[in-house]
There are 2 protein chains.
Amino acid sequence: MVTIKDIAKQAGVTPSTVSRVLNQSGGYSDKTRQKVLQIAAELHYQKNEAASNLVAQTSNVIGVLITNATTSFAAPIIDGIEDWAYQHGIRILLAHCGLNDAARLKACLDLMAGQKVSGILSISVQFDATNLALLKQLGLPLVSLGVKVDGYPTVAIDDEKAAYTGTKYLLNRGYRRIALAAIDPTDPQTGQARCHGYQRALQKTGLAPLIIPGDYSFQAGYQAAKQLWQAALPPEAIFAASDDAAAGIVFYAQSQGLAVPEQLAVLGFDNSYVADLVYPGLTTVEQPFAQMGQLAIEALVMKTPLPDQVAYQIKERHSVGWR
Amino acid sequence: MVTIKDIAKQAGVTPSTVSRVLNQSGGYSDKTRQKVLQIAAELHYQKNEAASNLVAQTSNVIGVLITNATTSFAAPIIDGIEDWAYQHGIRILLAHCGLNDAARLKACLDLMAGQKVSGILSISVQFDATNLALLKQLGLPLVSLGVKVDGYPTVAIDDEKAAYTGTKYLLNRGYRRIALAAIDPTDPQTGQARCHGYQRALQKTGLAPLIIPGDYSFQAGYQAAKQLWQAALPPEAIFAASDDAAAGIVFYAQSQGLAVPEQLAVLGFDNSYVADLVYPGLTTVEQPFAQMGQLAIEALVMKTPLPDQVAYQIKERHSVGWR
DNA sequence: GCGGTTTCAGCAACCGCTTTCAAAAACATT
DNA sequence: AATGTTTTTGAAAGCGGTTGCTGAAACCGC
């Protein structure tokens with residue numbers, strides 16, 4: 001284990017000087033700088049972050065909190081975060097806090113505190129009151145992605161408006177009986193906002209809203225489609241709460257020999273990975289996940305202000321046609 | 001910031017004692033233990049891992065090296081790792097090293113060394129000679145997932161055998177003209193092994209192998225299908241190198257109005273997330289990713305021996321029929 | 001109640017790096 | 001050449017735990 005002492009000895013200076021050179025904190029001559037740097041390189045010096053963090057009382061590590069990785073949108077966000085972090089010498093401590101698992105979330109928070117992370121990025125994590133209080137007490141900066149966390153900045157699209165736009169898009173294309181599927185209307189954030197946007201778009205037309213609740217999953221989409229299709233008057237288009245759900249709907253359609261979009265149009269949400277995978281490719285409301293991740297980490301680390309809302313747009317593929 | 005000193009003062013003992021109690025390293029009475037623990041809880045004591053790691057010269061953090069998260073199989077592996085880690089008080093430092101990006105891999109290794117991680121888990125990361133040497137020099141234990149890293153334990157399925165089994169499965173079902181698609185035969189590990197397995201299975205039958213190279217991606221699958229279908233004698237079945245590629249093949253089939261599996265059978269590889277998403281559901285050679293992740297981290301942390309090979313199996317859905 | 005053993009707790013050094021303060025060296029000014 | 005100013009370097013304390021060593025206290029059998 002080579003330490004700054006070793007370098008100091010070889011260079012004929014004191015550890016203080018080595019430290020100053022290595023941190024570029026000024027107060028050394030060009031000559032010593034060169035010598036120190038050279039010897040450090042020769043010796044393959046590797047700074048002990050623990051020691052450094054100890055005196056700094058912080059670290060260049062940020063904690064990333066996710067519910068779990070196997071959600072279609074987590075991966076691109078993580079990629080976005082990671083790339084930015086790499087370019088800025090920031091490290092990422094990953095922790096899964098599960099879905100609404102207060103105990104595990106607390107454990108994660110403790111972990112972050114113990115590791116003296118310099119900030120936390122939470123991806124779609126809902127904070128209960130206790131953990132929110134704990135978080136406040138820790139005094140760590142946090143940026144939340146996708147979900148509003150009281151008292152902390154959030155990066156998210158405007159779900160209400162996005163749902164409105166999506167619904168409007170279907171209307172403009174001539175669809176009339178439009179269902180909203182696989183959404184959780186009890187979810188105070190995303191779910192409700194999207195329901196509202198959907199209803200607002202329909203209101204003007206006098207059409208009746210039709211919401212099939214669900215948990216955004218493939219299964220939820222599949223079940224919703226099944227249920228809708230067995231009704232007396234099936235919808236012409238289904239606005240899915242996620243691309244996964246949209247895939248479920250398409251799957252159902254395929255299994256019934258229904259042509260998409262001719263007999264049933266499907267509009268997805270997310271523009272995730274799966275949108276390209278299913279046939280036909282999903283027309284979907286895009287959330288720029290990677291970019292959101294970058295934005296979030298940048299705001300967290302640089303303390304730059306966050307845009308109020310992230311731009312979304314409709315990514316057109318082939319699951320919606322004209323009617 | 002509450003430290004063991006604060007606890008010590010309140011409890012009327014010295015920091016040493018507090019430390020011993022907190023670490024359960026023995027040498028204290030039941031009375032002091034209770035008092036210390038109680039006060040620690042009252043004060044919301046949070047151990048400073050940096051300080052602890054400094055003296056221990058190690059940490060309960062393990063580094064997880066991935067190329068990037070947006071690969072269909074990375075997520076379940078990470079989930080598997082994370083769950084195990086959580087249960088064992090291990091933390092995860094995540095780093096992306098890109099695909100064959102030696103500079104970035106080196107940066108990751110440096111990072112791991114600096115953070116004094118207790119071990120490294122690399123997921124499908126190929127080590128070049130220089131970085132391999134660096135790794136050896138660091139002296140850190142490593143377990144590799146999916147790819148063989150010279151001198152370190154690996155958890156992976158037997159690709160040769162798996163490909164053999166998959167091909168055999170198709171043969172048994174009556175398919176004769178079987179192509180292997182979207183595979184990289186120059187990849188010394190996985191790719192080659194699978195090609196061999198495929199060829200070995202065909203050899204006995206006297207059938208001619210037909211390999212369409214590719215990079216395991218959806219696009220590669222799509223292109224391969226296209227190419228194969230435009231040939232004079234299209235195959236009856238395609239064995240895809242990944243589920244992503246299989247999805248691409250199915251996508252192509254759908255776009256051409258080819259029924260799967262009636263007109264074209266598709267066998268996937270991985271049993272990833274997407275196998276359930278496309279229609280028809282993919283029959284595929286399953287790799288138990290989450291389990292592999294757990295196995296790997298367990299081997300890394302507990303230094304338990306690794307099974308030579310992980311069990312794979314064919315997960316039947318509906319993209320392969322009978323002929 | 002006494003020597004001997006075991007248990008419990010304190011002292012102090014240390015992990016590797018950073019940073020303040022003071023001293024020394026280099027340089028500039030008259 | 002003497003003084004003042006700035007730059008460069010060193011000494012030392014400390015970040016918050018951990019741990020070997022030592023002494024004190026508690027417990028043991030006789």
For chain A and DNA chain C, what are the first and last nucleotides along the strand, 5' to 3', with at least one atom under 4.0 angstrom from a heavy atom of the protein chain? C:dG16 to C:dT20
What parts of residues 20-36 of chain A reach DNA chain D, counting only heavy atoms under 4.0 Å away? A:R20, A:G27, A:Y28, A:S29, A:T32
Where each residue is assigned the nucleotide of DNA chain C containing its nearest heavy atom, which of B:V13 and A:S19 is assigned the position nearer the 5′ end? B:V13
For the pair B:V61 and B:Q115, evaluate side-chain contact (heavy atoms from CB on, under 4.5 Å) and give the outcome as yes or no after the intermediate values. CA-CA 8 Å; B:V61 174; B:Q115 295 285 336; 5.9 Å; no
I need the A:E49 CD to B:S59 OG distance, nearest 0.5 Å. 11.5 Å
Check: B:N68 main-chain N/O paired with A:E82 side-chain donor or acceptor under 3.5 Å: no
Looking across every strand, which nucleic acid part, if any, lies under 4.0 Å from A:T17 by heavy atom: base, sugar-phosphate, or nothing? sugar-phosphate
Using the side-chain contact (heavy atoms from CB on, under 4.5 Å) rule, take A:Y216 and A:D270 through it: C-alpha gap first, then chi angles, then the decisive distance, then the call. CA-CA 11 Å; A:Y216 306 87; A:D270 285 349; over 6 Å; no
DNA chain C contacts among residues 48-58 of chain B, heavy-atom distance under 4.0 Å: B:L54, B:V55, B:Q57
Does any residue of residues 1-12 of chain A have a heavy atom under 4.0 Å from DNA chain D, and if so, which ones, in number order? A:G12
Partners meeting side-chain contact (heavy atoms from CB on, under 4.5 Å) with A:D6 (sequence neighbours left out): A:V2, A:T3, A:L43
Rounded to the nearest 0.5 Å, how far does OG of B:S52 lie from CG of B:N60? 7.5 Å
Let me confirm one number: the NE2-CD1 distance from A:H96 to B:I78, rounded to the nearest 0.5 Å. 6.5 Å
Could you tell me whether the side chain of A:S144 reaches within less than 4.5 Å of the side chain of A:V125, counting heavy atoms only? no
One should read off an interatomic distance between B:L121 CG and B:I81 CD1, to the nearest 0.5 angstrom, of 4.0 Å
With the threshold set at 4.0 Å, does a side-chain nitrogen-carboxylate oxygen contact exist between B:D128 and B:K106? no
One thing to verify: whether A:D83 and B:R104 come together as a salt bridge, which I'm taking to mean a side-chain N less than 4.0 angstrom from a carboxylate O. yes
N/O donor-acceptor pair under 3.5 Å between A:K9 side chain and A:V13 backbone: no
Any pair with a residue in residues 301-312 of chain B that passes side chain to side chain donor-acceptor pair (under 3.5 Å), sequence neighbours left out, goes on the list, sorted by first then second residue, please. B:T165-B:Y312
